[in-house]
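Reckoned from all heavy atoms, side chains included, excluding hydrogens, waters and symmetry mates.
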Amino acid sequence: MATFLSKLGRLAFRRKGVTLLLWLLAFVGMGVAASSAPTPPADTFSMPGTESQEAFDLLTEKFPDASVDGATARVVVRAPGGTKITTPSTRTEVERLVAGLGTSSPQVVGVADPYRSPAVSISEDGTTAYLVVTYKVPAAEVDDKAHDALDAATERAREAGLTVEAGGDAVKIEQAMGGTGEQIGILVSAFVLVLTFGSMIAAGMPLITALIGVGIGISGITALGSTFGLSGTTSTLAMMIGLAVGIDYALFIVSRFRAERAEGRTPEEAAGRAVGTAGSAVVFAGLTVIVALAGLAVVNIPMLTKMGLAAAGTVAVAVLVAITLVPALLGLAPVKVMARKGRLRYAVKPLSDRQRRRAAKHEAKLARKTKPNLGTRWARYVLRHPVVVLLVGVIGLGTIAVPAASLELGLPGEGQMSTETTQRKAYDLLSDSFGPGFNGPLMVTVQTRSTDSTKAADARTAGDEIGKALAKTPGVASVSPATANKAGDTAILTVVPTTGPTEKKTEELVHALRDTADGLERSTASRILVTGQTAMFIDFSQTLDDALLPYLALVVGLAFLLLMVVFRSVLVPLKAALGFLLSVAAALGAVVAVFQWGWLADVFGIDAPGPIMSTMPIFMIGVVFGLAMDYEVFLVSRMRESYAHGARPGEAVVDGFRYGGRVVGAAAVIMMSVFSGFIVEDNDFVKMIGFALAIAVLFDAFVVRMAIVPALFALLGRSAWWLPKWLDRILPRVDVEGEKLAETQSAPRSPRESTLVG
């Protein structure tokens, strides 16, 4: 592996022009393909094997005229000054609003007039009403003109003195990603890179190559969107993880190149060794990330499977960029990539007398400088106090992980949006006037087993009978009359809970209704299914919850095998996997404490603590696992390399931190700053993602990889690298530490003897 990658790095360095041209053509070609590709399909959400999905499929079949997938907007209207909504002047304004919404956009199918069904659409105190605007297109296809028309109509009603707010999937989301916080995160990343390398050129390479890799990956997803059914949101995870690993991989190789140059190797030799050693670590780290992302397929939710595979493809591009484009860029600036203060040591042109004196002064300063760097000092401290460091790290993370035992999963809703948004205001108005369960109604489908299509009343009669039985279930506020389809074989009825859509009691009610329905199916000879958005959210959360342990087992198990091949050890991958699980548990505990329990809610600006977003644990595991394995492979591969070249176990740990500690620390700070940018967003769930990823990287990089891992190495000694002989014969051999490179390449020369090539 190391030999092949070294040759590849040398080739890219020598043929930098051709390499850059090929990547430029790939970038432009993918961009052209993306721009000329058909429009990506709208988001389609399905959960095969769940009752909710089965019911939605039945509705699509039995009610073909109904716009099951069409977007809706619920406009809530409250009369001014505590007056009644039926007051003539108020009614006139409401009817004007209904008429305006009906003609506001060609995409609007119809508007439900609240005065035609006052028992349902007007609150008991008569102060509030709601009307439903139905669109003929899904939410993702509602255009800006339709959004603006809805906003204009509601604003005119406000000017007339009414309190008007709108919710539903047809309403424009006011909270946007990519705000000031994200920009600050990128600026912090650039600052950390400059501080780490002492060179603008070296700092810019990871950012540029990461952006190129992500650009190619995202363009590829867009170009293939219509062919493979990849929606616009499929690229979300690909962009996040692609940027993260792209910066890390380039950072590792550039750092290793500089280290090899500092040891006296020529630029081409340094590029070859950098790609052969750090590049090997990048390849295997990338494989673990790809395993984690492709493993999302075990959840059996097509949307997540597509997102995972798309992100895995972007990671593969990031790996290729790191081992080919990065050495080509190094070939363009082999001197300027070095730290500015010592750059004269690597100059190719004859030096003036003044420059020679400056270079000699710098050489003398380096010769006198015997003080070890921060990574070396920290590694030696851990080697002296391994038990203390291990206990503090494990007990600390274990304590923070305790709240994770109370984890409750849910999906984002309007009740968790900022109180400044119209969706949240509409949600609160409906809860106050109609009850909290009104925001999360359940839909029950009743399909009769009778084959006599002439009995049109069968489904309606069975539905009403079933509705009366379901109404007796504790937690049910009301049940609507059954509505049958034209064939008369299927009916639907609406069940309104007494509790909100994200409350635990609502989930218990869904299970209770399904249990009751199982008994009613026999007595009514009907097929009864409970669905609706709230039920689908509950099924979605349950599906993810059930898949979490199998997903972890698959990801950690395959990564264990990969790391065992890389490090020729059983204990090193075992502690890597256990450390990852510990950091993830601690991160989940912190998320539960802040976002579910409400600790420090005011500090983070959380309006409504509640259940944790169902997709967050899965996504966090995928993203953080990738970064954790990056740090593990890069840091421990330097230890393994030193140990393989004859160093004692303790010396190997110190060498790993001497060369890799600063780089891993910089990579972690960069990722934390980028993820922390999401914390300042208005949406609580966006805050949650940013907080979870940032704190997970903090725990894994600085507590697990830089404290617990070296402490365990200190305690295990040589046994850390133990591998049974029979297993050693079975496992394939990959030269990650570059032992063959040491045999085939010349020994390092002093900087004064080195000659710059290219």
Option from Thr516, Leu520, Val479 for which side-chain contact (heavy atoms from CB on, under 4.5 Å) with Ile466 holds: Leu520
Identified side-chain contact (heavy atoms from CB on, under 4.5 Å) partner of Phe434 from the options Thr128, Leu429, Ile122, Asn439: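 Among Thr128, Leu429, Ile122, Asn439, the one that satisfies the side-chain contact (heavy atoms from CB on, under 4.5 Å) with Phe434 is Thr128.
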Atom [atom1] of [X] and atom [atom2] of [Y]: how far apart are they, to the nearest 0.5 Å?
X	Y	atom1	atom2	answer
Lys172	Thr421	NZ	OG1	13.0 Å
Phe540	Gln53	CZ	CD	12.0 Å
Ile85	Glu93	CD1	CD	11.0 Å
Leu131	Arg116	CG	CZ	12.0 Å
Ile301	Lys306	CD1	NZ	13.0 Å
Leu58	Ile492	CG	CD1	10.5 Å

Pair Lys504 + Glu508: basic N to acidic O under 4.0 Å: no
Salt bridge present between Glu155 and Arg158 (N-O < 4.0 angstrom):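 Yes, Glu155 and Arg158 are salt-bridged.
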Please name the pair of heavy atoms, one in [X] and one in [Y], separated by the smallest distance, quoted to 0.1 Å.
X	Y	result
Pro497	Ala477	O-CB, 3.7 Å
Gly167	Ala426	N-CB, 3.8 Å
Leu509	Pro474	CD1-O, 3.5 Å
Ile612	Phe595	CD1-CB, 4.0 Å
Tyr130	Pro114	O-CB, 3.5 Å
Ala484	Phe63	C-CE2, 4.1 Å

Contact check, side chains of [X] and [Y], non-hydrogen atoms, under 4.5 Å:
X	Y	value
Thr490	Gln447	yes
Trp597	Ser406	yes
Tyr135	Val109	no
Met613	Ile689	yes
Leu548	Ile621	yes
Leu544	Thr615	yes
Pro80	Thr163	no
Leu442	Thr494	no

Verdict with reasoning, Thr87 to Lys84, per side-chain contact (heavy atoms from CB on, under 4.5 Å): CA-CA 5 Å; Thr87 301; Lys84 301 294 184 180; 3.8 Å; yes
Would you find a donor on one side and an acceptor on the other, under 3.5 Å apart, between the side chain of [X] and the backbone of [Y]?
X	Y	value
Glu51	Val530	yes
Asp143	His147	no
Thr448	Asp489	yes
Ser104	Leu101	yes
Glu54	Leu529	no
Thr506	Gly500	yes
Asn485	Lys62	yes
Asp464	Ala482	yes
Thr83	Ala79	no
Thr498	Gly475	yes

More than 12 heavy atoms of other groups within 6.0 Å of Asp518 CG: yes
Heavy atoms of other groups near Gln542 CD, more than 12 under 6.0 Å: yes
Pair Arg78-Ser433, side-chain donor/acceptor within less than 3.5 Å: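 Ser433 and Arg78 do have a side-chain donor-acceptor pair below 3.5 Å.
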Pair Glu165, Thr422: side-chain N/O donor-acceptor within cut-off below 3.5 Å: yes
Working for side-chain contact (heavy atoms from CB on, under 4.5 Å), residues Arg460 and Thr483: CA-CA 6 Å; Arg460 187 185 309 110; Thr483 302; over 6 Å; no
Stepwise salt bridge (charged side-chain N to carboxylate O under 4.0 Å, His left out) test for Glu420 and Arg424: CA-CA 7 Å; Glu420 302 299 320; Arg424 176 61 183 277; over 6 Å; no
Thr445 vs Ile528, side-chain contact (heavy atoms from CB on, under 4.5 Å): CA-CA, chis, key distance, verdict: CA-CA 6 Å; Thr445 65; Ile528 306 171; over 6 Å; no
Working for side-chain contact (heavy atoms from CB on, under 4.5 Å), residues Val476 and Leu513: CA-CA 9 Å; Val476 173; Leu513 290 175; 4.2 Å; yes
